[in-house]
There are 2 protein chains.
Amino acid sequence: MANKADQAYDVLERMITFQELPPGSLVSEARLMERTGLGRTPVREALQRLARERMVEIHPSQGVFVAATSIEAQLKVLELRRSLEELAVRLAAHRATTAQRERILELAEVLAAFDGDDPQEFGDLLKQTHTLIVDAAHNEFISLSMAPLQGLSRRFWFAHLRDPKTELHEAADLHGQILRAICHGDETKATDASLQLNDYLTDFTYRTLRHQ
Amino acid sequence: MANKADQAYDVLERMITFQELPPGSLVSEARLMERTGLGRTPVREALQRLARERMVEIHPSQGVFVAATSIEAQLKVLELRRSLEELAVRLAAHRATTAQRERILELAEVLAAFDGDDPQEFGDLLKQTHTLIVDAAHNEFISLSMAPLQGLSRRFWFAHLRDPKTELHEAADLHGQILRAICHGDETKATDASLQLNDYLTDFTYRTLRHQ
DNA sequence: ATTGGTCATATGCCGGTTGTACATGACCGG
DNA sequence: CCGGTCATGTACAACCGGCATATGACCAAT
């Protein structure tokens, strides 16, 4: 990675996503400098960005709070993600290059074959999926808008997994369907699959409400 | 405004939107520190944010370029804005509080009465319109996604105005229709008006292609 | 128990330092 | 004399560490 600010962002996002920094916990620039081994400027810039994406809350003179994973917030994220993702997958199905379709099919097969229950490993696959889709849509502004939403969704999902094995499989399947539809250029099927994924995520969110 | 970074952002966004910093021009942190009278950190943070929103391009060790107003980029912005705004106005029509509806109606009347040709003055009204709409949608993530798009749209529009008086009136009318539909809670009318606005913007973009 | 003051600790902010990319001009070879 | 290459200077963002300031906790005095 070119600059340290992006490095810092990646590290912090991972730490937050995988609960190494639990929701609601209070950290501090100094603490994060130690844990990442990076200087203050990179950490600070990463935090600004995370704050804008609602992953942390910066309270001046108090500290940096890792945002809580609230169900209402998650429902609002999904409300937006549904529309955006529908657009993204439609465009992707329409515009993906041949090379991109090949990579997409590849990933779909990896997802189908996935049989582990390691969230971290699966998280990387999810991230790749999201990246491939928005890249294939050939609209940088969509990636820009969706990336934070997908980050937030992933975090919520990982934070509230109760039966990892089952959920991972279901998610893998849903993502796989989207990828295959995109690969075949079937816009209708792709948007349908995307809506199904979002239905699943919404349902998942409501389920955590009951279990909590 | 509380912190200087936000101040810096507002100032720089205005300077870019109203061509005080022309597209493609090369600036530098030092220059902007002079022109804004602010320190380095606020200017830097504002630039990072503007870069993320594609208003400027930061080339390390070279300088900061004010992004060119490209037609292709603008079409992509609009492609996304169309979906997002449709969602935003539908939610706004559905969820706006009584107080918000009053403010919205007020602004609609101001827009209808608008008879000037000062882009800067009109720009503030547009910004207010966008803010009211996304606030009324009661979904902070939508505001977060849309704000940059609206900023980019405004900039492109102001940069390529050929007949300000006429265009300002048309834009005022289109925005007014959206506001009134939201105020009355008519979701269908609101989304229709929103699509009309986006049609106008798209058409406007293609027109600049011909004139250039 | 409450209030006043002090202290530890946080981010906001600043200015200096470092590393890097580019332009310029000198130098060398044909 | 000309073309190409390399050293050098310059201008910039990236980064760092320290100072200024705000805030909340804690403790003592009433």
Side-chain angles (χ1 to χ4, degrees), chain A residues 1-16 19-68 140 144 147-148, chain B residues 1-16 20-68 140 144 147-148 151:
Chain A
M1 185 110 0
N3 59 346
K4 301 194 183 179
D6 289 346
Q7 263 179 269
Y9 177 86
D10 286 346
V11 171
L12 293 180
E13 205 234 83
R14 282 185 78 86
M15 296 208 306
I16 294 173
Q19 322 257 335
E20 201 170 326
L21 300 175
S25 64
L26 174 62
V27 293
S28 82
E29 290 180 0
R31 201 86 189 170
L32 297 176
M33 284 167 66
E34 287 173 14
R35 291 189 68 161
T36 59
L38 293 163
R40 190 160 168 206
T41 306
V43 167
R44 220 182 124 67
E45 280 179 9
L47 285 175
Q48 298 286 337
R49 200 172 142 195
L50 289 166
R52 182 148 284 278
E53 299 176 357
R54 300 296 187 269
M55 281 250 187
V56 304
E57 290 170 18
I58 300 178
H59 293 243
S61 308
Q62 286 180 248
V64 177
F65 292 84
V66 178
E140 60 173 319
L144 229 52
Chain B
M1 185 124 339
N3 60 345
K4 300 196 181 180
D6 290 346
Q7 263 178 270
Y9 176 85
D10 286 346
V11 171
L12 293 181
E13 204 232 86
R14 284 186 77 85
M15 299 208 305
I16 294 172
E20 201 171 323
L21 298 175
S25 64
L26 174 62
V27 293
S28 82
E29 287 182 1
R31 207 78 93 225
L32 296 176
M33 284 167 64
E34 288 173 15
R35 291 189 67 164
T36 60
L38 294 163
R40 189 133 161 209
T41 308
V43 167
R44 215 181 130 68
E45 282 179 8
L47 286 175
Q48 299 285 338
R49 200 172 141 195
L50 288 166
R52 181 147 287 277
E53 300 176 355
R54 300 296 188 267
M55 281 250 187
V56 304
E57 289 171 19
I58 299 176
H59 293 245
S61 310
Q62 284 181 252
V64 177
F65 292 85
V66 178
E140 58 173 317
L144 229 54

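Source: prediction; values computed, not measured. The analysis underlying the following values was restricted to heavy atoms, covering all of them including side chains, and did not include hydrogens, waters or symmetry mates.
Taking atom NE2 on His59(B) and atom C1' on dA11(D), their separation rounds to 16 Å, with Å as the unit. Atom pair Asn3(B):CG and dC13(C):C1' shows a separation of 11 Å (rounding to whole Å applied). Across the protein-nucleic acid pair, Gln48(A) atom CD and dA10(C) atom C1' stand 14 Å apart, rounded to whole Å. The distance between atom CD of Glu29(A) and atom C1' of dA10(C), rounded to the nearest whole Å, is 8 Å. Arg31(A) places its CZ atom 12 Å from the P atom of dT11(C), with the value rounded to the nearest Å. As rounded to whole Å, 11 Å separates atom P of dC12(D) from atom CG of Leu32(B). The CG-C1' distance, from Asp6(B) to dC13(C), rounds to 14 Å in whole Å. Between the CE atom of Met33(A) and the P atom of dT11(C) there is a distance of 10 Å, given to the nearest Å.
Contact annotation for Ser28(A): backbone-only contact, meaning every heavy-atom pair under 4.0 Å involves sugar-phosphate atoms and none involves a base. Nucleic acid contact for Leu47(B): none, since no nucleic acid atom lies under 4.0 Å from a heavy atom of the residue.
Under the 3.5 Å distance criterion, with hydrogens and angles disregarded, no donor-acceptor pair is assigned to the side chains of Tyr9(A) and Gln48(A).
Comparing Ser61(A) and Ala5(A) against DNA chain D, the residue whose closest nucleotide sits nearer the 5' end is Ala5(A). When the nearest nucleotides of DNA chain D are assigned to Leu38(A) and Leu26(B) by heavy-atom distance, the more 5′-ward of the two goes with Leu26(B).
In this structure, Ser25(A) contributes its side chain and Leu21(A) its backbone to no donor-acceptor pair below 3.5 Å. Although no hydrogens or angles enter the test, the distance criterion places a donor-acceptor pair under 3.5 Å between the side chain of Arg54(A) and the main chain of Arg52(A).
Glu20(A) and Arg14(A) are not joined by a salt bridge, as no carboxylate oxygen comes within less than 4.0 angstrom of a charged side-chain nitrogen. Under the 4.0 Å criterion applied to side-chain N and carboxylate O atoms, Arg44(B) and Glu45(A) are assigned as salt-bridge partners.
Picking from dC16(D), dC14(C), dA14(D) the nucleotide with the shortest atom distance to the side chain of Arg40(B) gives dA14(D).
In terms of phosphate contacts, Gln62(B) brings no side-chain nitrogen or oxygen within less than 4.0 Å of OP1 or OP2 of dC12(D). An OP1 or OP2 oxygen of dC14(C) is reached within less than 4.0 angstrom by no side-chain nitrogen or oxygen of Arg44(B).
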